[in-house]
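Here is the structure we will look at, set down as structure tokens.
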Protein chains: 2
Amino acid sequence: MKKERIEKVLEKSASEALLISDPYAIKYLTGCEIHPGERFLGLLLSKDQDPILFLNVLFPLEKPEGLRIVSFSDSDDICDVLSPYIDRNWTLGVDKNLAARFLLPMQKNNIAKDFINGSLAVDKTRAVKDEEEIELIRKSSQINDAAMNRFKTLIHEGVSEKEVASQMMDIYKELGASAYSFDPIVAFGVNAADPHHMPDDTVIKEGDVVLFDVGCVYKGYCSDMTRTFFYRKEPSDIQKEVYNLVRKANEDAEDMVKAGIRLCDIDKCARDVISEGGYGEYFTHRLGHFIGIEDHEYGDVSSSFTDLTEVNNVFSIEPGIYDPSTMGCRIEDLVIVTEDGCEILNKYPHDIEII
Amino acid sequence: MKKERIEKVLEKSASEALLISDPYAIKYLTGCEIHPGERFLGLLLSKDQDPILFLNVLFPLEKPEGLRIVSFSDSDDICDVLSPYIDRNWTLGVDKNLAARFLLPMQKNNIAKDFINGSLAVDKTRAVKDEEEIELIRKSSQINDAAMNRFKTLIHEGVSEKEVASQMMDIYKELGASAYSFDPIVAFGVNAADPHHMPDDTVIKEGDVVLFDVGCVYKGYCSDMTRTFFYRKEPSDIQKEVYNLVRKANEDAEDMVKAGIRLCDIDKCARDVISEGGYGEYFTHRLGHFIGIEDHEYGDVSSSFTDLTEVNNVFSIEPGIYDPSTMGCRIEDLVIVTEDGCEILNKYPHDIEII
């Protein structure tokens with residue numbers, strides 16, 4: 001049980017009670033990792049009673065001190081299971097990810113007076129990492145830096161994106177990670193101009209850019225980094241221009257990060273660099289996302305996210321230019337916000353590198 | 001586009017329109033596989049207009065003939081994006097998996113008159129496989145049979161569950177599969193008595209049972225099979241009793257499968273065998289689940305699922321006994337329902353096998 005985290009969540013909550021169903025939020029708050037698939041899983045938090053975990057009997061659990069477990073089976077009706085513990089006059093904050101197949105019957109059966117999205121209280125707590133988390137995130141990115149050094153050596157004549165990707169897990173495991181934090185992106189040539197390209201049978205050829213967007217999980221915490229290399233050939237002048245623009249966008253944004261500034265202003269800083277360089281229309285996504293137990297957590301570095309940075313926010317800075325006629329390029333680091341700056345977690349250099 | 005499938009879904013729909021958000025349902029209906037992560041993705045089906053896919057600009061797509069695309073970006077409000085295409089007087093059938101963070105604002109903004117769980121129309125259509133699907137499911141299980149023959153050879157003195165599991169993907173890929181259909185279960189000894197055990201550092205020892213619950217994906221379709229072996233030692237009489245009870249439960253259930261019978265009766269048949277043998281309390285889950293594009297699809301072989309079988313339903317038959325003091329054992333096959341029986345997809349024998 002993570003009592004301090006639960007207290008912070010309840011302090012932030014806009015409703016009397018919260019019903020959290022996201023497995024990662026439950027892991028964050030209880031230390032218990034349960035992936036119930038299509039079955040219901042819920043953690044009820046309220047000021048008046050101990051936390052209650054509603055858990056299908058199929059998932060045995062070593063009960064942590066201070067957690068009450070209410071068991072049910074596949075043949076039970078979820079509303080019947082929940083009702084005895086929920087006051088019909090409550091406004092119930094439900095998980096942002098709660099599936100309609102659970103929410104619609106709860107509404108129809110009026111198990112609470114009103115239902116609101118209650119995840120913000122959890123999300124805002126998760127957005128400020130505690131010391132235990134910071135240490136693990138730091139280590140996860142150290143592994144990712146070491147892995148990037150190895151990944152680039154997988155590139156050789158005749159190799160395909162898929163072949164490269166298939167060797168990455170072993171390298172992460174050797175370095176001490178347990179899993180990918182997301183399916184790795186390996187993109188050669190024009191494929192790099194699709195920000196979400198998945199490794200396919202494309203074979204490397206001289207002059208291609210090679211984009212790696214990769215991350216691993218270390219003791220439950222994620223890393224995430226992107227580098228763009230050039231294969232066996234000096235980039236053209238226009239490619240250098242694009243690369244250096246992306247690099248400047250990344251570094252100018254990282255330079256301005258500190259506690260108490262608007263996240264949208266960091267996005268604007270990077271976007272202005274790319275727009276002034278004439279490539280604004282090819283930077284098609286937000287500058288970054290928060291990260292921790294999950295690769296994408298609540299919190300954006302985007303034009304619409306006006307929240308202020310706080311000490312121990314952890315997020316990505318990942319400007320990109322995706323111009324199929326020139327090149328696709330992205331340079332991404334993770335940063336931890338400090339009082340008067342930030343700690344850049346990825347030490348792998350930003351220089352143009354021919355591999 | 002899969003026009004026939006869409007027509008079948010609309011025929012079965014209880015509402016004027018359906019908003020499907022599940023990526024696998026969208027793949028089934030359009031052929032397009034998009035995994036939007038935390039971003040919105042929706043396919044609107046209604047009798048009066050062509051299907052419309054609401055797609056974030058971050059996910060480029062080769063537009064299939066007959067599909068209308070409405071693009072939006074991260075800064076757009078989803079209700080604003082959807083409203084022009086949804087009649088405020090409709091009852092809107094939403095996806096069973098639609099997340100509360102999308103559903104609650106749709107309700108608050110009254111983008112439709114009422115919201116119901118509309119997935120049943122899709123799920124019931126998906127539960128009856130067409131010929132194209134049957135062929136792929138058959139092939140996926142052929143690969144799984146061949147893989148089981150290889151997996152058992154991975155067991156040797158000193159090996160751990162995790163080490164065995166780490167070699168399975170390469171075997172599947174050699175055999176032509178693209179991925180696991182679920183994280184494989186490898187359980188030694190008492191671990192087999194936990195139906196959802198995940199491979200850990202447990203090392204094999206003489207006399208252990210070895211349970212493999214494994215499946216792969218072939219061209220988008222899943223397989224799923226369980227076998228329980230004995231390591232280097234003849235099972236005890238009581239272990240033989242448990243094994244043969246599970247085997248009889250499996251085979252009696254498979255013998256009765258044909259079109260037009262209640263799925264709960266198949267569950268009862270297997271459950272009665274195990275209960276009469278004195279182990280009823282240790283068979284803690286449903287007998288089976290439907291399968292196809294996903295490992296677990298709508299449709300249960302369970303005491304509460306009273307629907308009738310139909311020709312070309314595909315589901316698992318997987319009785320088990322989980323008695324930590326004796327042994328854990330499960331024997332699972334996939335079957336395709338035919339007019340007067342079933343095709344058992346897994347040919348790997350049910351006999352007691354010492355490895």
Side-chain angles (χ1 to χ4, degrees), chain A residues 19 21-22 33-39 56-60 73-77 93-108 115-120 162 166 169-170 173 182-183 193-198 284-286 289 294-298 300 302-305 322, chain B residues 19 21-22 33-39 56-60 73-77 93-108 115-120 162 166 169-170 173 182-183 193-198 284-286 289 294-298 300 302-305 322:
Chain A
L19 183 65
S21 59
D22 182 84
E33 185 158 2
I34 304 142
H35 294 278
E38 77 270 30
R39 294 179 170 95
N56 192 301
V57 290
L58 284 178
F59 304 93
S73 74
D74 280 349
S75 53
D76 289 319
D77 179 287
V94 299
D95 200 297
K96 63 182 173 183
N97 291 323
L98 183 67
R101 68 184 182 282
F102 301 125
L103 176 57
L104 289 167
M106 289 178 199
Q107 292 172 323
K108 206 174 166 197
F115 297 82
I116 61 170
N117 180 343
S119 282
L120 208 56
K162 265 191 184 168
S166 73
M169 181 60 89
D170 284 346
K173 291 204 166 169
F182 56 94
D183 288 334
D194 166 10
H196 287 255
H197 176 73
M198 280 290 108
T284 47
H285 57 72
R286 59 187 169 180
H289 56 85
E294 291 176 275
D295 177 45
H296 284 193
E297 297 195 342
Y298 171 81
D300 274 347
S302 74
S303 61
S304 60
F305 202 82
Y322 310 100
Chain B
L19 183 64
S21 58
D22 183 85
E33 185 158 3
I34 305 142
H35 294 278
E38 77 270 30
R39 293 178 171 96
N56 192 301
V57 290
L58 284 179
F59 304 93
S73 74
D74 280 351
S75 55
D76 289 319
D77 179 287
V94 299
D95 199 296
K96 62 182 175 183
N97 292 323
L98 183 66
R101 68 183 181 282
F102 300 125
L103 177 56
L104 289 167
M106 289 179 200
Q107 292 172 324
K108 204 174 166 200
F115 297 83
I116 60 170
N117 179 342
S119 282
L120 209 56
K162 264 191 186 168
S166 73
M169 181 60 90
D170 285 346
K173 291 204 166 168
F182 56 94
D183 287 335
D194 167 9
H196 288 255
H197 177 73
M198 281 291 107
T284 46
H285 57 70
R286 60 187 169 180
H289 57 85
E294 291 176 275
D295 177 45
H296 285 194
E297 296 195 343
Y298 171 80
D300 273 347
S302 75
S303 61
S304 60
F305 202 82
Y322 311 99

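Keep in mind that what you see is a predicted model, and the values were worked out from it rather than measured. In what follows, every chain begins at residue 1, and chains take the letters A, B, ... in the order their sequences are listed.
- Counting only heavy atoms from C-beta outward, the side chains of B/Pro60 and A/Asp194 approach each other to under 4.5 Å.
- When side chains are defined from C-beta on, B/Pro195 counts as touching B/Thr284, because their heavy atoms get closer than 4.5 Å.
- When A/Ala100, A/Ser166, A/Ala99 are compared by the number of non-hydrogen pairs under 4.5 Å with chain B, A/Ala100 comes out ahead.
- The part of A/Leu104 that comes within reach of chain B is its side chain, from C-beta onward, which places non-hydrogen atoms under 4.5 angstrom from that chain.
- The closest side-chain heavy-atom distance from B/Tyr298 to B/Lys96 is below 4.5 Å.
- Only the backbone of B/Asp95 comes within contact range of chain A, judged by heavy atoms closer than 4.5 Å.
- For A/Phe182, no part sits under 4.5 Å from any heavy atom of chain B, backbone or side chain.
- Interface check for chain A: of the options B/Lys173, B/Met169, B/His296, B/Lys108, the most heavy-atom pairs under 4.5 Å are formed by B/His296.
- Using a 4.5 Å cut-off between heavy atoms, A/Asp170 does not touch chain B at all.
- Using a 4.5 Å heavy-atom cutoff, the side chains of A/Phe59 and A/Arg39 are in contact.
- Applying the ring-ring contact (aromatic ring centres under 6.0 Å, His included) test to B/Tyr322 and every residue at least two apart in sequence or in another chain returns B/His285.
- Of the two parts of A/Leu58, the backbone and the side chain both hold a non-hydrogen atom closer than 4.5 Å to a non-hydrogen atom of chain B.
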